[in-house]
Amino acid sequence: MSGHDSKYFSTTKKGEIPELKEELNSQYKDKRKDAVKKVIAAMTVGKDVSSLFTDVVNCMQTENLELKKLVYLYLINYAKSQPDLAILAVNTFVKDSQDPNPLIRALAVRTMGCIRVDKITEYLCDPLQRCLKDDDPYVRKTAAICVAKLYDINAELVEDRGFLESLKDLISDNNPMVVANAVAALAEIQENSNRPIFEITSHTLSKLLTALNECTEWGQVFILDALSKYKAADAREAENIVERVTPRLQHANCAVVLSAVKMILQQMELITSTDVVRNLCKKMAPPLVTLLSAEPEIQYVALRNINLIVQRRPTILAHEIKVFFCKYNDPIYVKMEKLEIMIKLASDRNIDQVLLEFKEYATEVDVDFVRKAVRAIGRCAIKLERAAERCITVLLELIKIKVNYVVQEAIIVIKDIFRRYPNTYESIIATLCESLDTLDEPEAKASMIWIIGEYAERIDNADELLESFLESFPEEPAHVQLQLLTATVKLFLKKPTEGPQQMIQVVLNNATVETDNPDLRDRAYIYWRLLSTDPEAAKDVVLAEKPVISDDSNLLDPSLLDELLANIATLSSVYHKPPEAFVTRVKTTTQKTEDEDYGSETGNSESPAHIADSAASPPTSSGAPYAAARQAAPAPASPAHAAAAPVPDLLGDLIGMENSAIVPVDQPASPAGPPLPVVLPASTGQGLQISGQLTRREGQIFYSLLFENNTQSPLDGFMIQFNKNTFGLAAAGPLQVPQVQPGTSAGTLLPMVTFQNMSQGPPSSLLQVAVKNNQQPVWYFNDKISLHVFFTEDGRMERANFLETWRSLPDSNEITRDFPGIVVSNVEATLDRLAASNMFFIAKRKHANQDVFYFSVKIPRGIPFLIELTTVVNNPGVKIAIKTPSPETAPLFFEAMETLLKD
């Protein structure tokens, strides 16, 4: 290379970040604004521009509202990962909160509320108190929402500084939007509080009803939702409230309409006048019908809510059944929901119309919709006794079409009709029997077999019909086999001739000797014993009169329906589940329980074919102490504490974690026991050495940590965070470590909760940890999770239960591994060590010169591990076989076993 070639190794380009940095510090306003826009664009597409934090913050000092908004947007995004630098912006926030422009005042207080950094909250209080009393209503309504955000960060601070009282004062504000936001904020705070915060009084009620007419549509929703929780003193007050809310039913916004309906339904429970109730039902029908002219997604939400409403007040839409008739272009989810409502609204007056619709639907091309339509006809027959015959006529017409899935669905519903109206419509059985050869679906087969068995005395060739099913008995699904068994016994009891006698022998033999299904086998043995000892008793049992089934169109329990009606216009009313069934609220004062621990571990094992024999004999002397292994020790209740300050997110967006379970806790300062393994050596941690290990004590998982300070200065302010992991392990509270002086060490036991940061993908024992203190940067290290810390104290099984569970698990769930280097030299000591880790001894047997031990283990969520351990005492080599419902975590289980046996 010549001396001139060095030019190829140098460049004048600085890279994107340095160029942006230069533009942000430009003396020209337009250039600075364009640079901030470029930064926001880069941030939006996922680039890390946090290194420009200081430069962007410097652009806050501007009169340009657009630029200020952009900078505030950047701050909200990165303040969490740069809390120390975010403090630099506080002075500007405080200054902006006193700006003459109300838009800037509101923007400042809104942004401060969105920056979820604990250090900033104390600076937010004074500007927030000023803004809550601001002359401009826009600022006041923004400040009201900010109080709710601040409560989420630091509830104690909000209560101490009197913000709750200020919010309650805003309910009397003369601006309706301020009132609406104050109500929204108080409702949000009430959701996160264990004590009553927001209670509507008669005085407050008047203020809210006045504001209702003047605020925006979303403000109306907030107020109506709050009013729906108010219990009127008497019927007259309830009528007055409803009268003032009824105009909201005419609103163009669907959310307002549904919130108004919810509120009116709640108050109607207190109204005693039948005329008033009837008029209200008439008024609610048109707005609900109007919702069905919206786009399909809104229609679906409306239909799910209407489904609940008609269960409580069917008269509201009793005359509007036509609006629920399906259109050709309705999406399938809308059609299905309309069918459900049509069944609920079907009556003797409109059943002819409904049946014509259902019959039409049964000829559509969508198979699922057709099946649902046929079932709907059957449900109407069960619901309306006087219309049952017309329903059956329609079903028979559909069967004549000879469409396979229609025929099978019709047979399933006719079986239910026979149960509902015994000895009434049996004349149609002959028509059903013509379709016998076309049945290939298990439910249809089971229904037809039930009909043949139940009415065997009326079917001349019942034995031949059942025999055609018996040819494929071993291949049939379990519920078809169960029906075949019962139907054959019924046939034998009703027609004890030679043919049925031979059939019963074949069926009982197949159901006892040739099957491994315990339900089928047990039922067959009961029938066999009944038939062989007392045929008359068998008749009383098998041919007993069956209870008449009832209409199932109103499936919801009344108490559940009450709760769902109170949650109309929310996700709860769409899912038809109470909120707690799908939303988990983590409150800062709630201690996580051990039951939430990870529960999808597994292993494998060889079949313990001889364990039944050993279970029948007394246990060996060496095994006796372990058969009654120690019981679960209840975890000590944690004393109540004030809410602790949230732990800052140390890793931020680096490895995608959240620190959502923050619980104050007092624990001993020094972990006892053997030396902990080093997870961060002093050479890596600039003099800080960390040792740590997961451990289990009294039913609780802890992270035992030891911090050694080999630096020249004290270390304090320790914080910890865990990355997403297989077991969802996270800290149950802040890390409590005293200041560590140079040359000294400090230990702690950190309580852990599970299922907080669940990772996707195959199970892994990797635990990624981040630790920070006030004097050093964040340190990252990896630790290993041993599965045995998840072994729960309630994992002991009875021998019979162990054997039954083993047999019920498929062979594919059995996994075996050899450990050639492990020696079991002292059986007593090994069993003792395993029992201490919640591995419960079940039985022991001899096989040739080998000892075979059986253990049971359970991990949270009740997932069992059944273990067979084979070894020759004092000789190298251990073979472990396990069976479990979740074999995917077998490698982790074997790692834990190797650790326990080597200790």
Side-chain angles (χ1 to χ4, degrees), residues 408 415 436-454 456 459 461-535 537-539 541-543 604-616 799-814 866 868 881 883-885 887:
Q408 303 198 77
K415 182 259 291 182
L436 217 59
D437 297 336
T438 64
L439 303 183
D440 56 14
E441 294 175 11
E443 194 176 357
K445 278 185 181 180
S447 298
M448 193 68 221
I449 291 164
W450 181 87
I451 291 169
I452 295 168
E454 189 68 17
I459 305 172
N461 61 337
D463 50 348
E464 293 174 20
L465 297 176
L466 278 182
E467 203 160 8
S468 66
F469 288 106
L470 288 176
E471 293 167 6
S472 58
F473 184 91
E475 290 80 39
E476 296 291 358
H479 62 292
V480 176
Q481 290 179 332
L482 286 165
Q483 280 293 1
L484 266 172
L485 172 61
T486 305
T488 310
V489 172
K490 286 178 182 176
L491 175 66
F492 173 72
L493 290 171
K494 291 177 178 182
K495 295 183 178 179
T497 56
E498 187 178 343
Q501 279 183 357
Q502 291 176 346
M503 285 171 62
I504 197 74
Q505 287 294 333
V506 173
V507 171
L508 289 174
N509 185 63
N510 277 332
T512 53
V513 180
E514 305 295 332
T515 185
D516 57 359
N517 183 317
D519 292 338
L520 181 64
R521 190 171 58 241
D522 290 351
R523 189 184 291 192
Y525 276 129
I526 290 170
Y527 286 157
W528 201 327
R529 203 158 286 176
L530 273 170
L531 292 170
S532 59
T533 56
D534 190 350
K539 279 188 179 181
V541 172
V542 181
L543 303 179
N604 25 83
S605 94
E606 291 184 354
S607 173
H610 305 288
I611 193 170
D613 300 332
S614 69
R799 294 182 179 187
N801 187 19
F802 181 96
L803 183 62
E804 190 63 46
T805 307
W806 187 291
R807 287 175 175 167
S808 68
L809 290 170
D811 292 341
S812 58
N813 286 33
E814 183 176 329
L866 313 185
E868 182 185 70
K883 258 193 175 184
T884 176

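Values below: every heavy atom of this structure, side chains too, minus hydrogens, waters and symmetry copies. Everything numeric in this text was worked out from a predicted model, so none of it was measured.
- When every heavy atom of Trp528 is checked against every heavy atom of Asn509, the shortest pair comes out as CZ3-N, 4.4 Å.
- Here the CD-CG distance, from Glu476 to Leu482, works out to 12.0 Å after rounding to the nearest 0.5 Å.
- Contact of the Leu484 side chain with the Val507 side chain is not registered, since no non-hydrogen atoms from C-beta on lie closer than 4.5 Å.
- Counting non-hydrogen atoms of neighbouring residues, nucleotides and ligands closer than 6.0 angstrom, the NZ atom of Lys495 exceeds 12 such neighbours.
- Between Arg521 and Asp516, none of the side-chain N atoms (NZ, or NE/NH1/NH2) sits under 4.0 Å from a carboxylate O, so this pair counts as no salt bridge.
- Note that CG of Asn517 is 10.0 Å distant from CZ of Arg523, once rounded to the nearest 0.5 Å.
- Side-chain contact between Leu809 and Pro885: present, with at least one pair of heavy atoms (C-beta onward) separated by less than 4.5 Å.
- Smallest separation of non-hydrogen atoms from Ala462 and Ala456: CB-O, 3.9 Å.
- Under the side chain to side chain contact (heavy atoms under 4.5 Å, CB included) test applied with Leu491, the options Asp463, Ile504, Thr486 reduce to a single match, Asp463.
- Between Lys415 and Ser447, the shortest heavy-atom distance links the atoms CE-OG, 3.5 Å.
- With contacts defined as side-chain heavy-atom distances shorter than 4.5 Å, the pair Pro474/Glu514 does not qualify.
- Lys539 approaches Leu493 most closely through the heavy-atom pair CE-O, 3.4 Å.
- Between Trp450 and Lys490, some side-chain heavy-atom pair lies under the 4.5 Å cut-off.
- In this structure, the side-chain contact (heavy atoms from CB on, under 4.5 Å) partners of Asn801, at least two apart in sequence or on a different chain, are Met797, Glu798, Thr805.
- In this structure, the side chains of Leu508 and Val513 stay at 4.5 Å or more apart for every pair of heavy atoms.
- Asp440 is listed as a side-chain neighbour of Gln408, based on a closest heavy-atom distance under 4.5 Å.
- Interatomic distance, Asp519 CG to Leu485 CG, rounded to the nearest 0.5 Å: 11.5 Å.
- Atom CZ of Phe802 sits about 8.0 Å away from atom CD of Glu868, to the nearest 0.5 Å.
- Distance check: Thr488 OG1 to Met503 CE gives 5.0 Å after rounding to the nearest 0.5 Å.
- Within the 4.5 Å cutoff, the side chain of Thr515 has no heavy atoms near those of the Asn510 side chain.
- Looking at Thr884 and Asn813, their side chains never come closer than 4.5 Å, going by heavy atoms from C-beta outward.
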Run the side chain to side chain contact (heavy atoms under 4.5 Å, CB included) test on Leu803 and Arg799 for me, step by step, so that the C-alpha distance in whole Å, both residues' side-chain angles and the decisive distance to 0.1 Å come before the verdict.
CA-CA 6 Å; Leu803 183 62; Arg799 294 182 179 187; over 6 Å; no
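- Once rounded to the nearest 0.5 Å, the distance linking CG of Leu866 with NZ of Lys883 reads 8.5 Å.
- Legend: residues meeting side-chain contact (heavy atoms from CB on, under 4.5 Å) with Ala446, ordered by chain and number and at least two apart, are His479, Val480, Gln483.
- Taking every heavy atom of both residues into account, Leu436 and Ser468 meet most closely at CD2-OG, 4.3 Å.
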Next item on the list: Please step through side chain to side chain contact (heavy atoms under 4.5 Å, CB included) for the pair Val506 and Phe473, ending with a clear verdict.
Entry: CA-CA 10 Å; Val506 173; Phe473 184 91; over 6 Å; no
